[in-house]
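Values below: all heavy atoms of this structure, side chains included; hydrogens, waters and symmetry mates excluded. Predicted model, so just to flag it, every value in this text is computed and none were measured. Just so it is clear: chains get the letters A, B, ... in the order the sequence lines come, proteins before strands, and each one is counted from 1.
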Amino acid sequence: MAKITKLEDIVSLCKRRGFIFQSSEIYGGLASCYDYGPLGVELKNSVRAAWWKDAVQMRDDVVGLDCSILMHPMVWKASGHADKFADLIAECKKCNTRTRVDHLTEKAEEAEEEHTKHISLDTAMATAQDLSNKVCPNCGSVGQFTEPMPFKLMFETQMGANIDDSMTMHLRPETAQGIFANFKNVLDTTRIKIPFGIAQIGKSFRNEVTTKAFIFRTREFEQAELEFFCKPGTDEKWYEYWKESRFNWYINLGIKKENLCLRNHDPDELAHYAKACVDVEYKFPFGSGDWQELEGIANRTDYDLRQHQRGIRTLNKWFESDRDLTKIELSKEAEDYQSGPLSYFDDEQKTRYIPYVIEPSAGIDRSTLAFLVDAYDEEEVRGETRNLLRFHPALAPVKVAVFPLVKRDGMPEIAQNIYNDLKKYFNCFYDEKGAVGRRYRRQDEAGTPFCITVDGQTLQDTTVTVRDRDSMDQVRVSTDQLLNHLREKLEV
RNA sequence: GCGGGUGUAGCUUAGUGGUAAAGCUCCAGCCUUCCAAGCUGGUCACGGGGGUUCAAUUCCCCCCACCCGCUCCA
């Protein structure tokens with residue numbers, strides 16, 4: 001079994017093997033930012049590819065999309081991020097604890113409104129000035145707060161090099177909104193019919209209050225999101241479907257079942273847009289064995305499309321208020337919103353409606369790390385410890401390594417030829433240095449599923465050995481059967 | 001943001017007010033016909049910046065990063 005017990009061991013493992021490095025390390029590092037090394041980028045690419053294949057390419061009812069990170073400011077007004085990602089924070093002078101102003105409760109009040117609904121920045125500014133009766137949730141002091149200060153959870157940047165007419169933009173805090181904004185485009189160009197999904201993988205950015213815990217909560221991160229549009233009333237069925245489907249995706253890629261679970265959100269834990277939500281959690285082996293979220297599957301109902309219909313109606317207001325999002329409120333929803341610009345026409349029933357959305361939203365970085373940690377293993381071989389990564393073949397950074405047994409008798413040349421042929425099909429690695437046993441072990445550490453060795457017998461009968469990473473067993477395979485043999489074993 | 005801790009080579013550790021040791025790894029060569037063998041040689045480090053001092057990796061200050069615990073976590 002894996003021997004990793006602390007986060008530090010995971011960090012060390014990632015660094016040692018060239019999976020994940022601290023960003024800008026030569027300058028002392030940049031908090032919460034990480035880079036993927038040579039093996040890490042292959043692993044992460046494989047995770048992406050596995051998700052894309054499962055969510056898009058193997059299905060007839062899902063199409064892909066790749067949206068820009070910068071989007072029209074109104075997108076974030078409509079989605080709610082512009083308001084809700086700009087919370088006001090006040091600091092308790094007694095204990096220096098920072099708390100969201102809208103989470104503070106009055107002295108006499110019970111904690112009944114712990115999950116106060118979010119309010120706009122302006123409203124909060126107007127109503128939150130009087131903190132004299134508010135209670136610090138940490139130390140219980142009353143009215144000991146600093147002036148509320150805005151806490152921007154979205155990254156801001158300027159679009160337009162000319163500062164006079166540049167516009168403040170936000171880096172997207174989720175990829176989902178790009179999908180909603182393109183819902184109509186996809187409908188109009190693909191002939192796809194409900195129920196169907198749109199999938200996207202890409203970077204998102206959130207100015208989290210705290211990051212910590214290696215790459216579990218970083219400010220820049222990669223998401224794989226699927227928005228699955230379905231007819232209202234069928235949403236609960238699809239929610240169950242995606243719950244099961246997404247859970248099994250991890251299991252099928254080798255995550256040990258005892259390390260994975262589904263956790264339903266409590267009603268008071270739900271985001272404002274969600275009717276139901278469940279997390280796929282992985283038991284990371286640090287601390288006391290914390291379960292950490294890899295993916296959330298939410299029933300977003302028709303919330304987002306309806307919000308964007310309101311956003312479209314608000315556009316003029318935005319222009320008229322000098323493009324200042326804080327000065328405007330979203331327009332009211334139209335009476336006949338069900339037949340609005342983002343509605344769907346059901347051919348069979350000849351009616352229009354706003355579809356419901358089931359959203360499986362996975363963290364690529366988190367799951368990459370989960371696959372890495374889950375694959376880590378140590379075992380005793382002839383009194384020595386063998387370290388290996390038991391990656392599923394689809395995820396292994398290197399699929400096949402090719403060696404000459406020794407560096408003579410023409411073996412390197414034959415091995416090179418095999419390598420040159422195989423690398424057209426899989427990511428391969430060639431090595432002829434040192435003892436073959438050491439080369440095998442190096443590949444074990446990288447998680448390479450198979451090693452091909454050209455030996456003396458190859459010169460006689462053109463067969464090579466194929467050595468299995470997990471069992472260390474070897475079989476002889478004819479070189480002209482090698483590609484087929486590996487394809488079958490690697491399931492690619 | 002608060003409290004505590006940590007920072008010496010790729011990794012794991014040692015050590016010192018006079019610029020640093022070892023094991024593993026890595027590289028080169030020899031040897032080697034299947035699982036980290038052996039021999040020889042070699043590369044590589046005191047997180048960054050100030051201060052005190054003749055001299056700082058060591059003492060002091062500031063900064064950075066990471067870990068643990070709070071807080072936070074649409």
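- Counting non-hydrogen atoms under 4.0 angstrom, Ser32(A) reaches the backbone sugars and phosphates but no base.
- Side-chain atoms of Arg439(A) stay outside donor-acceptor range of the base of A36(B), with no qualifying N/O pair under 3.5 Å.
- Heavy atoms of Glu445(A) sit under 4.0 angstrom from at least one base atom.
- A donor-acceptor pair is defined here as one N or O able to donate and one able to accept, closer than 3.5 Å; no such pair exists between the side chain of Arg438(A) and the backbone of Lys433(A).
- Below the 3.5 angstrom threshold, one finds no donor paired with an acceptor across the side chain of Glu384(A) and the base of A37(B).
- Across all strands shown, C70(B) pairs with G1(B); the Watson-Crick or G-U wobble distances both stay below 3.5 Å.
- For the pair Glu25(A) CD and A65(B) P, the interatomic distance rounds to 13 Å; values are reported in whole Å.
- For the pair Gln443(A) CD and C34(B) C1', the interatomic distance rounds to 15 Å; values are reported in whole Å.
- For the atom pair CH2 (Trp76(A)) and CE (Met169(A)), the distance works out to 10.0 Å, reported to the nearest 0.5 Å.
- To the nearest angstrom, C1' of A36(B) lies 14 Å from CD of Glu378(A).
- In this entry U40(B) has A28(B) as its Watson-Crick or G-U wobble partner, both defining distances falling under 3.5 Å.
- Among the atoms of the strands shown, only primed sugar atoms or phosphate atoms (P, OP1, OP2) are found under 4.0 Å from some heavy atom of Arg442(A).
- The Arg217(A) side chain lies nearest to C72(B) when the options are A36(B), C34(B), C72(B).
- Using a 4.0 Å heavy-atom criterion, one finds that Asp444(A) contacts no nucleic acid atom at all.
- Using a 4.0 Å heavy-atom criterion, one finds that Ser79(A) contacts no nucleic acid atom at all.
- Base-pair partner of G7(B): C64(B) (Watson-Crick or G-U wobble, both distances under 3.5 Å).
- Residues Phe284(A) and Phe216(A) place their aromatic rings such that the two centres sit under 6.0 Å apart.
- Put simply, the side chain of Tyr27(A) and the base of C64(B) share no donor and acceptor less than 3.5 Å apart.
- The side chain of Ala31(A) lies closest to A65(B) when the candidates are C34(B), A36(B), A65(B).
- Nucleotides C61(B) and U40(B) place their C1' atoms 49 Å apart, quoted to the nearest Å.
- Taking a pair to require two hydrogen-bonding distances under 3.5 Å in either a Watson-Crick or a G-U wobble arrangement, A45(B) remains unpaired.
- Between the side chain of Arg467(A) and the base of C34(B) there is no donor-acceptor pair of N/O atoms closer than 3.5 Å.
- Nucleic acid contact for Phe403(A): none, since no nucleic acid atom lies under 4.0 Å from a heavy atom of the residue.
- Set against C72(B), A37(B), A36(B), the side chain of Arg441(A) has A36(B) as its closest nucleotide.
- Using N1 to N3 plus N6-O4 or O6-N4 for Watson-Crick, or N1-O2 and O6-N3 for G-U wobble, each under 3.5 Å, U58(B) pairs with nothing.
- For Arg438(A) and U25(B), the shortest distance from a side-chain N or O to OP1 or OP2 is below 4.0 Å.
- At a cut-off of 3.5 Å, with distance as the only test, a side-chain donor of Asp461(A) or Thr463(A) sits close to an acceptor on the other residue.
- You'll find that the side chain of Leu405(A) is closest to U33(B), out of U33(B), C35(B), C66(B).
- Comparing the same atom, C1', in C67(B) and in G47(B) gives a spacing of 15 Å after rounding to whole Å.
- Put simply, the side chain of Arg469(A) gets close to the backbone of Phe391(A): a donor and an acceptor are under 3.5 Å apart.
- Across all strands shown, Tyr34(A) has heavy atoms under 4.0 Å from sugar-phosphate atoms exclusively, and none from any base.
- Screening Leu482(A), Thr458(A), Leu483(A) for a side chain to side chain contact (heavy atoms under 4.5 Å, CB included) with Ile418(A), the sole residue that qualifies is Leu482(A).
- Gln307(A) and Arg310(A) share a side-chain donor-acceptor pair at under 3.5 Å.
- A21(B) and C63(B): their C1' atoms are spaced 30 Å apart (whole Å).
- Annotation: C34(B) and U16(B) have their P atoms spaced 48 Å apart (nearest Å).
- Side-chain N/O atoms of Arg382(A) include one lying less than 4.0 angstrom from OP1 or OP2 on C35(B).
- For G7(B) and G48(B), the P atoms lie 14 Å apart once the distance is rounded to whole Å.
- A56(B) and G49(B): their P atoms are spaced 13 Å apart (whole Å).
- The separation of G23(B) from C35(B), taken at their C1' atoms, amounts to 22 Å, rounded to a whole angstrom.
- Gln457(A) comes within contact range of no nucleotide atom at all, as no heavy-atom separation falls under 4.0 Å.
- Lys433(A) has no side-chain polar atom (N or O) that falls below the 4.0 Å cut-off from OP1 or OP2 of C27(B).
- Looking only at distances, a side-chain donor or acceptor of Arg439(A) sits under 3.5 Å from a matching main-chain atom of Leu405(A).
- Set against A65(B), U33(B), C34(B), the side chain of Tyr440(A) has C34(B) as its closest nucleotide.
- Between Arg16(A) and U12(B), a side-chain N or O to OP1/OP2 separation shorter than 4.0 Å is absent.
- Side chain of Arg408(A), nearest nucleotide from U33(B), C34(B), A36(B): U33(B).
- In the set A65(B), U33(B), A74(B), U33(B) carries the atom at the smallest distance from any side-chain atom of Asp455(A).
- When the C1' atom is compared between G29(B) and G17(B), the two are found 42 Å apart, to the nearest whole Å.
- Taking for each of Lys15(A) and Glu174(A) the nucleotide of RNA chain B with the nearest heavy atom, the 5'-most of the two is the partner of Lys15(A).
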